[in-house]
Structure formats: structure tokens, C-alpha cells
Amino acid sequence: MAVDKDFFRGPTLELCRRLLGAELVHGETAGLIVEVEAYIGPGDRAAHSYGGRRTRRTEVMFGPPGHAYVYISHGIHYCFNVVSGEEGNPEAILVRALQPTRGIEIMRKRRRRRDDRELTNGPGKLCQALGITIAHYGWDLTQPPFFIRPGRRPRDEDIACGPRIGIDSAGEARDYPWRFWIKDNPYVSR
DNA sequence: TGTCCGATTGGT
DNA sequence: CCAATCGGACAG
């Protein structure tokens, strides 16, 4: 059913590719992961854990991989990340978009949009659609009701990568090609 | 397409 | 103080 703990081990950029096509499940709602971004620890100016910042917010990233890092964005939205990398290295992967697979009626109620693509094509949108909040901070993603299920991994030629979104004041890090998405998938953000 | 604003948290 | 891993509304 859910992935094993080992699924989350290994380099963060490799886990990014492994997450594409996997299913993120919360309760009765779920979707295939179609877009992610890596935020890699102390050396990444765009990461909340840049320079080794260790606060109540970033604490979970210092723990073992496979847990949820949820934070509040601009005061009103939630963003969901998967903690990655070795324990002690504060790394995480932001899930930016999903393709709904289950509970789409629930998502429509929560989101109230005309176009179903607007349900989960952004990091704050997908949290609202799946009911993910700050209360899920630190949760273990190998256990129901909140977990990741392995799926069909896309072929490498069906995966695209490029610079991350919304971080234009991060110096060199701005151009790192650490955003990954499934080519031509209609649920990818932007 | 562009711009503006909400309303919270952490860092300087 | 102010920028931030964003989304929605509305002008044009």
C-alpha cells in the first residue's frame, strides 16, 4: 500500500524523480504527483534551512526523511514538502502540483472552481484540495491516513526540469534546475 | 496579462 | 521592519 521508509532514502534530486507519478493520499482524497522542487540544505539560498537555520519551523527537516514539512505561505496558504536527504541534512521537496485521482467531489467542494485543473495545480491549492494544514507538520508519510503510494514512474524522457518558481532573490540558487515536472501534464502549475 | 492584496512567520 | 517555496479578484 504505502511506500516503505527506504523509498525516501538517497539523494534528494533522485527522490524528486521517484516522486513523480507516485500518489499522495490524504483520507478520501488523492492525486498523482506531477511537479516538485528540491530545496537542498545549508548551501541553498532559497531553502528555509539555508545556512543551517534551525528553528521550530525548520526543525523537521533535520530529522529522518519521509516526514511532512508543512509551512504557512504569505499568511494564508499552506505548502507541503517531503523531508528528504540523510538525517541531520535539512533537505526537502516541495510538492507543487497533483493530478487528482480520488475524492474529486470533495476537492471541488473545498476549492469551488469551474475548471478541475484549478483544484491542485499549485502548492497552496493542493493543500486546500486535500485538506492538508499545519496540523500535519511532522507526520510520517508511510502510514495512513496521510501517505505516499508508489506509482508508475515516468520515463526519463517524459520528465522535464528547470529553475524553481518564485525565488528570484536567491542569488546563484535562483537558476538551479531543481524543479521537475511531467511533460505536457495539464495539472502542472503556471 | 498585470497588479494588487490578504494576514502570518521568521530573520535582520 | 519586511520579505516570503502563493492564490484570488479584478482591470484592461
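What you see below is based on every heavy atom in this structure, not just the backbone, and it leaves out hydrogens, waters and symmetry mates.
At a threshold of 4.0 angstrom between heavy atoms, the contacts of Arg164(A) with the nucleic acid are absent. As judged by a 4.0 angstrom heavy-atom cut-off over every strand, Arg111(A) is placed among residues touching the sugar-phosphate backbone only. Counting any heavy atom pair closer than 4.0 Å across all strands shown, Arg56(A) reaches no nucleic acid atom.
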### Message
Could you spell out the base pairing of DNA chain B as a dot-bracket line? Use Watson-Crick and G-U wobble contacts where both distances are under 3.5 Å, [ ] for crossing pairs, | for partners on a different strand.
### Response
||||||.||||.

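For the contact set between residues 124-142 of chain A and DNA chain C, defined by any heavy atom under 4.0 Å, the members are Gly124(A), Lys125(A). The stretch residues 58-93 of chain A comes close to DNA chain B through His74(A), Gly75(A), Ile76(A), His77(A), each having a heavy atom under 4.0 Å from the strand.
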Show the distances under 3.5 angstrom between N or O atoms of the protein and N or O atoms of nucleotides 9-12 of chain C.
{"from": "dA9(C)", "atom 1": "OP2", "to": "Arg113(A)", "atom 2": "NH2", "distance (Å)": "3.2"}

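Once you apply a 4.0 Å limit to the heavy atoms of chain A, the touched nucleotides of DNA chain B run 5' to 3' over dG6(B) to dG11(B).
dC6(C) atom C1' lies 13 Å from atom CD of Glu35(A), rounded to whole Å.
dG2(B) and dT5(C) have their P atoms separated by 22 Å, given to the nearest Å. On the P atoms, dC1(C) is 15 Å away from dG6(B), given to the nearest whole Å.
Other residues sharing a hydrophobic cluster with Ile106(A) under the 4.5 Å side-chain heavy-atom criterion for ILVMFWY residues do not exist; the residue is a singleton.
For the pair Arg56(A) and Tyr137(A), the cation-pi test (distance below 6.0 Å, angle within 45°) is failed.
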